[in-house]
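Have a look at the structure below before the remarks.
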Amino acid sequence: MELAEATGEAPKRTRSGRPQRREGSKNLGVPYIVRNIPTYDILGEENLERIERVADRILAEVGIEFRDDPVALDHWRRAGAKIEGLRVSFEPGMLKEIVRSAPAQFTQHARNPARSVEIGGRNVVFSPAYGSPFVMDLDKGRRYGTIEDFRNLVKLAQSSPWLHHSGGTICEPCDVPVNKRHLDMVYSHIKYSDRAFMGSITSEERAEDSIEMARILFGADFVDGNCVILGNVNVNSPLVWDGTMTKSLRAYARANQAAVIVPFILGGAMGPVTNAGAIAQSYAETLAGCALTQLERKGAPVIFGNFLSSMSLRSGSPTFGTPEPAIGSMVIGQLARRLGLPLRCAGNFSNSKRPDAQAMQEGVMSMLSAVHCGANFVLHSAGFADGLLAMSYEKFMMDMDFCGALHSYLAGVVVDDNTLAMDAFLEVGPGSHFLGCGHTMRNYQTAFWDSALSDNEPFEKWVEQGETDMALRANRSWKKALAEYEAPPLDAAIDEALNDYVATRKNGMADAWY
């Protein structure tokens, strides 16, 4: 497999721990994946152009509302858009021209330079699920997330060789006031992980707090010239950008940090029930958000995001891991590549309330769509359960294990003298076996991906060992990982400065639970 090489260097004053190693695992320590298989492009030029033309018509004839953000409206006015009240409409081609200044690929630096990630091009970055108010496990069931749960999940992600990013709001720490929890979350990512991470987007002030903490970690000058933090902002579909999101979006762009622009379109509710129409809407909404980042700061990194979903038309309930959004992701990938922007798309989605067959069936359907559509940043790679209402500890471990399989899948088929194995054929000859031949002995440790959770033993041995299913094995696995976790070292002066900043910010405002 081609190993990724992180570019650039973080400031020397930041320090971190050593990546964990395990003998015989060929992918441990890879900071991100460089794909060696092609994307799956399902639509031809004519149909892609039809979708783009409909998106242009939506932008020109219907428009998008930008609420509660006069600065955003001023940006559009200066750029030449047509504004009527809060509604902004755009001439065909205008937004495409604006986003040309955004980089096609960029580095997000981690405090451990060996774990910086490249986002864009042929690179694939797996990040945990994001945003659940609840957590669940086999021991305690479903409950509101706490800061302890948040820290546990950061530690589990840090311990896994198959994730590349610490993520953002892995779960909502509901025992911390809403207006203060972002400080604890960002600090936890910095303290308990040495990987790249995400910040808050729930208000402009919280976005700026997140960026300021990144400046304490990396140094203000370094942050001004390099991406060190992401902010995941959502369109209020259909066709509305609200001020909370655009102000946070602009805060990240203004600081030269990356905004991930993501519409969440529930087909039949926030968008059409038909795939092509939902794709056109998503494209229009996302393109407008990406363009706004460039009006705030030309050249700021931005990620073209997408979250298509279906719904049960019998009940109105959202459905996840279904085939229509999965195949729609393939088209989104094609459209993003035509714009030359990095892509965030799909993930390990499921509606299941348990770490069961439904969870993995739906998760594999949606995760493979992320792999084949060419997604560069895959949020929701692990833990997504209960329609994203809950983070499951067991599913987190199962999903990370599947991410390990995807490392090998994305490596493709290497063809060289070693893999063609002619020396093995000459040694073994007809009618014998390859178990002890020289070629096997040279390659056996790295030839196949080895699941940490699957049971491959004979039935009798499985019975002797307690007849466990994968959910129970995952339960034991996360407990073992937390027991063995070691925090990566953090410079004491930086840690003190971060704690002082958090304490000062918290002491300066009363608790708010909304």
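These numbers were taken from a predicted model, which means no experiment stands behind them.
The main-chain N or O of Cys290 is found under 3.5 Å from a side-chain atom of Thr293 such that the two form a donor-acceptor pair. For the pair Thr319 (side chain) and Ser310 (backbone), a donor-acceptor distance under 3.5 Å is present. At distances below 3.5 Å, not a single donor-acceptor pair connects side-chain atoms of Ser160 with backbone N or O atoms of Ala157.
Scanning for ring-ring contact (aromatic ring centres under 6.0 Å, His included) contacts around Tyr409 gives His372, with sequence neighbours left out. Phe402 meets the ring-ring contact (aromatic ring centres under 6.0 Å, His included) test with no other residue; sequence neighbours excluded. Residues passing the salt bridge (Lys or Arg N to Asp or Glu O under 4.0 Å) test with Glu204 are Arg254, sequence neighbours excluded. Checked against side chain to side chain donor-acceptor pair (under 3.5 Å), Glu205 has the following partners two or more places apart in sequence or in another chain: Arg505. In this view, Thr419 and Asp416 satisfy the side chain to side chain donor-acceptor pair (under 3.5 Å) rule, not counting sequence neighbours. Applying the ring-ring contact (aromatic ring centres under 6.0 Å, His included) rule to Phe126 yields the partners His164, His407; only residues at least two apart in sequence or on another chain are considered. Checked against side chain to side chain donor-acceptor pair (under 3.5 Å), Asn232 has the following partners two or more places apart in sequence or in another chain: Arg344. In this view, Lys247 satisfies the salt bridge (Lys or Arg N to Asp or Glu O under 4.0 Å) rule with no residue, not counting sequence neighbours. Under the salt bridge (Lys or Arg N to Asp or Glu O under 4.0 Å) criterion, Arg181 pairs with Glu172, not counting sequence neighbours. Considering only residues two or more places apart in sequence or on other chains, Trp478 meets the side chain to side chain donor-acceptor pair (under 3.5 Å) condition with Glu394.
No more than 12 heavy atoms of other residues, nucleotides or ligands lie within 6.0 Å of CZ in Arg354, so this atom counts as exposed by the packing criterion. By the neighbour-count criterion of 12 heavy atoms within 6.0 Å, atom CD of Glu49 is densely surrounded, having more than that number from other residues, nucleotides or ligands.
The ring pair (Phe, Tyr, Trp, His ring centres under 6.0 Å) analysis of residues 77-98, with sequence neighbours excluded, yields the pairs Trp76-Phe90. For residues 347-366, every residue pair satisfying the ring pair (Phe, Tyr, Trp, His ring centres under 6.0 Å) rule, not counting sequence neighbours, is listed here: Phe307-Phe349, Phe349-His380, Phe349-Phe384.
Inspection of the Ser352 and Ser350 side chains reveals no N or O donor paired with an N or O acceptor under 3.5 Å.
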* Give the C-alpha distance, both sets of side-chain angles, the deciding distance and a yes or no for salt bridge (Lys or Arg N to Asp or Glu O under 4.0 Å) between Asp356 and Lys395. => CA-CA 8 Å; Asp356 58 9; Lys395 189 171 183 289; over 6 Å; no
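Between Arg337 and Asp41, at least one side-chain nitrogen of the basic residue sits less than 4.0 Å from a carboxylate oxygen of the acidic one, meeting the salt-bridge criterion. A salt bridge is defined here as a Lys NZ or Arg NE, NH1 or NH2 lying under 4.0 Å from an Asp or Glu carboxylate O, and Asp209 with Arg206 fails to meet this definition. We find that Arg87 and Glu84 are not joined by a salt bridge, their nearest charged nitrogen and carboxylate oxygen being 4.0 Å or further apart. A salt bridge does not link Arg67 with Asp242: every distance from a Lys NZ or Arg NE/NH1/NH2 to an Asp or Glu carboxylate oxygen is 4.0 Å or more. Ion pairing of Glu91 with Lys82 is absent here, as no side-chain N (NZ or NE/NH1/NH2) approaches a carboxylate O to less than 4.0 Å. Arg338 and Glu45 are joined by a salt bridge, as a carboxylate oxygen and a charged side-chain nitrogen come within less than 4.0 angstrom of each other.
Separation of the Phe222 and His109 ring centroids falls under the 6.0 Å cut-off.
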